[in-house]
K.L.:
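Please see the structure below; I have some questions.
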Amino acid sequence: SEKRMTMNIKLSQCVKDAIDYSKEEAIRLNNEYIGPDHLLLGLLRQGKGIAINLLLSLNVDLEDLKKRVEDRIRNTDIEIKMEDTDKLKVHDSTQRIQNFMNLEAKHMQSEEVNSGHMLLALLRVATPLSQIFNDIDVDYELVKLNLEMDQTTSSIDEPDDDDFEEAEEKKSPRQSGKHQPTSEGKT
C-alpha cells in the first residue's frame, strides 16, 4: 500500500545487533547519549557483514578506526552503569542516520536495511565522525560504488537449464513467412 512505502524497511539482524551494541558502547565509554560514533562502534564490534567487508576491501584498519572513535568520545568525567541503558538519549544525528539507512535501502531496492546501508548513512550525515572517515580516505561515493558493484556481482545467477531452453527458443526461425520454403510454384 502507499502508506507502507513510506514506512521503515525492516532491519537485517546485523543492523539490529549493531544498534543493540551501540547502546552498550555508549555505556562502556560513559556517554549519556547514543551517537553516530556508537553506531559505527556497534558495526565494528559485530565484526562481520557487508559494512565490515566494504571497509576491509578499502584497506581500513578496523582496530585503528575503533581506537580513533573511542579516543574521540570516551568520557572519563562520569561513570554510567549498564542499568542506565533506558536513560540514554538518542542524538539527533543518530535519528537522521536511521532515516538515511532506510533511504539508502529503498534507493538500492533492498528488502531490508543491511549494514552497508548503515555505513552509507554514517558517511552521508555530517558529524564529527566525518573527520575520522576523511582521515582514513573513506567517503560516501567510494563506499556506495563498492556496495553497488558488490550487489551487481552477487545478484548475477548462474544460468540454469531453463535459461538455455529460452535462449534456444529465441534462436529458432521466425514464422513470418519470409525466407520460408513454400509449396507455391510446384505442381
K.L.:
With rounding to the nearest 0.5 Å, note down the distance linking CG in Leu122 to OG in Ser130.
P.N.:
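Leu122 CG to Ser130 OG: 9.0 Å, rounded to 0.5 Å.
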
K.L.:
Compare every heavy atom of Ile9 with every heavy atom of Ser110, then report the nearest pair and how far apart it is.
P.N.:
O-CD1, 4.0 Å

K.L.:
For Glu24, which residues count as a side chain to side chain donor-acceptor pair (under 3.5 Å) partner, sequence neighbours excluded?
P.N.:
Arg45

K.L.:
Does Asp92 have any side chain to side chain donor-acceptor pair (under 3.5 Å) partners at least two apart in sequence or in another chain, and if so, which?
P.N.:
none

K.L.:
What I'd like to find out is whether the side chain of Leu39 reaches to under 4.5 Å of the side chain of Met118, using heavy atoms alone.
P.N.:
yes

K.L.:
A side-chain contact here means heavy atoms from C-beta on lying under 4.5 Å apart; do Asn31 and Asp37 qualify?
P.N.:
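Counting from C-beta outward, Asn31 and Asp37 never come under 4.5 Å.
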
K.L.:
Given the rule in the side chain to side chain contact (heavy atoms under 4.5 Å, CB included) test, do Leu119 and Leu147 qualify, once you have shown the distances and angles that lead to the verdict?
P.N.:
CA-CA 10 Å; Leu119 180 59; Leu147 183 59; over 6 Å; no

K.L.:
Is there a path from Tyr21 to Leu29 through hydrophobic residues (I, L, V, M, F, W, Y) whose side chains come within less than 4.5 Å of each other?
P.N.:
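Tyr21 and Leu29: separate clusters.
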
K.L.:
Tell me every residue that passes side chain to side chain donor-acceptor pair (under 3.5 Å) with Gln95, counting only those two or more places apart in sequence or in another chain.
P.N.:
none

K.L.:
Say you draw a straight line from NZ of Lys66 to CG of Asp64; how long is it, rounded to the nearest 0.5 Å?
P.N.:
12.0 Å

K.L.:
Mind checking side-chain contact (heavy atoms from CB on, under 4.5 Å) for Asp137 and listing every partner two or more places apart, or none if nothing turns up?
P.N.:
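Checked Asp137 against side-chain contact (heavy atoms from CB on, under 4.5 Å); zero matches.
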
K.L.:
If hydrophobic clusters are built from ILVMFWY residues whose side chains come within less than 4.5 Å, do Ile34 and Val69 share one?
P.N.:
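No.
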
K.L.:
Is there a side-chain contact between Ile50 and Asp150 (heavy atoms, below 4.5 Å)?
P.N.:
no

K.L.:
Which distance, rounded to the nearest 0.5 Å, do you find between the NZ of Lys16 and the CG of Leu11?
P.N.:
6.5 Å

K.L.:
State plainly whether one hydrophobic cluster holds both Leu44 and Ile27, where clusters connect Ile, Leu, Val, Met, Phe, Trp and Tyr through side-chain heavy atoms under 4.5 angstrom apart.
P.N.:
no

K.L.:
For Leu103, enumerate each residue passing the side-chain contact (heavy atoms from CB on, under 4.5 Å) test, keeping only those at least two apart in sequence or located in another chain.
P.N.:
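So Leu103 forms a side-chain contact (heavy atoms from CB on, under 4.5 Å) with Phe100, His107.
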
K.L.:
Tell me which pairs pass salt bridge (Lys or Arg N to Asp or Glu O under 4.0 Å) where either residue lies in residues 112-133, with sequence neighbours left out.
P.N.:
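Residue pairs with at least one partner in residues 112-133: Lys10-Glu112, Glu104-Arg124.
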
K.L.:
Listed by chain and number, what are the salt bridge (Lys or Arg N to Asp or Glu O under 4.0 Å) partners of Asp139, not counting sequence neighbours?
P.N.:
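Not a single residue meets the salt bridge (Lys or Arg N to Asp or Glu O under 4.0 Å) criterion with Asp139.
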
K.L.:
Applying side chain to side chain donor-acceptor pair (under 3.5 Å), name anything that partners Glu32, two or more places apart in sequence or on another chain.
P.N.:
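In terms of side chain to side chain donor-acceptor pair (under 3.5 Å), with neighbours along the sequence ignored, Glu32 is linked to no residue.
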
K.L.:
Between Leu54 and Leu129, is there a shared hydrophobic cluster once you connect ILVMFWY residues whose side-chain heavy atoms come closer than 4.5 Å?
P.N.:
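Yes, it is one cluster - the side chains of Leu54 and Leu129 are joined through contacts under 4.5 Å.
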
K.L.:
Side-chain atoms of residues 80-91: list all donor-acceptor pairs with protein atoms under 3.5 Å, sequence neighbours left out, distances to 0.1 Å.
P.N.:
residue	atom	partner	partner atom	Å
Asp84	OD2	Lys81	N	3.3
Thr85	OG1	Met82	O	2.6
His91	ND1	Ser93	N	3.2
His91	ND1	Ser93	OG	2.9

K.L.:
Checking Asn102 against Gln98 for the side-chain hydrogen bond (donor to acceptor under 3.5 Å, both in side chains) test, could you report, in this order, the C-alpha distance in whole Å, the side-chain angles of both residues, the deciding distance, and whether it holds?
P.N.:
CA-CA 7 Å; Asn102 284 305; Gln98 290 179 324; over 6 Å; no

K.L.:
Measure across Tyr140 and Leu120 and return the closest heavy-atom pair with its distance rounded to 0.1 Å.
P.N.:
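Taking every non-hydrogen atom into account, CD1-O, 3.5 Å.
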
K.L.:
Could you pull out the closest heavy-atom pair between Ser115 and Leu43, with the gap in Å?
P.N.:
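In this case the closest contact between Ser115 and Leu43 is CB-CD2, 3.5 Å.
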
K.L.:
Sorted by first residue and then second, give each salt bridge (Lys or Arg N to Asp or Glu O under 4.0 Å) pair with at least one member in residues 49-59; sequence neighbours left out.
P.N.:
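As it turns out, there is no salt bridge (Lys or Arg N to Asp or Glu O under 4.0 Å) pair with a partner in residues 49-59 once direct neighbours are skipped.
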
K.L.:
Is the closest side-chain heavy-atom distance between Leu62 and Leu56 below 4.5 Å?
P.N.:
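Yes, at least one pair of side-chain atoms sits under 4.5 Å.
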
K.L.:
Could you name each residue pair satisfying ring pair (Phe, Tyr, Trp, His ring centres under 6.0 Å) that touches residues 36-84, not counting sequence neighbours?
P.N.:
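Only Tyr33-His38 qualify under ring pair (Phe, Tyr, Trp, His ring centres under 6.0 Å).
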
K.L.:
Ignoring hydrogens and geometry, is there a side-chain-to-backbone donor-acceptor pair from Asn30 to Asn75 under 3.5 Å?
P.N.:
yes

K.L.:
Would you check, one step at a time, whether the test side chain to side chain contact (heavy atoms under 4.5 Å, CB included) holds for Leu41 with Glu70?
P.N.:
CA-CA 8 Å; Leu41 289 173; Glu70 289 173 342; 4.1 Å; yes

K.L.:
Please say yes or no: joined through hydrophobic side-chain contacts below 4.5 Å, possibly via intermediate residues, are Val143 and Leu40 part of one cluster?
P.N.:
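Yes.
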
K.L.:
Do Asn114 and His117 come within less than 4.5 Å of each other through their side chains, counting heavy atoms only?
P.N.:
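Yes. Closest side-chain heavy atoms under 4.5 Å.
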
K.L.:
Can you name the residues that form a salt bridge (Lys or Arg N to Asp or Glu O under 4.0 Å) with Lys67, not counting sequence neighbours?
P.N.:
Asp71

K.L.:
Are side-chain heavy atoms of Asp135 and Gln131 found at a separation under 4.5 Å?
P.N.:
yes

K.L.:
Any idea which heavy atoms bring Leu55 and Val138 closest together, and the distance?
P.N.:
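The pair with the smallest heavy-atom distance is CD2-CG1, 4.4 Å.
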
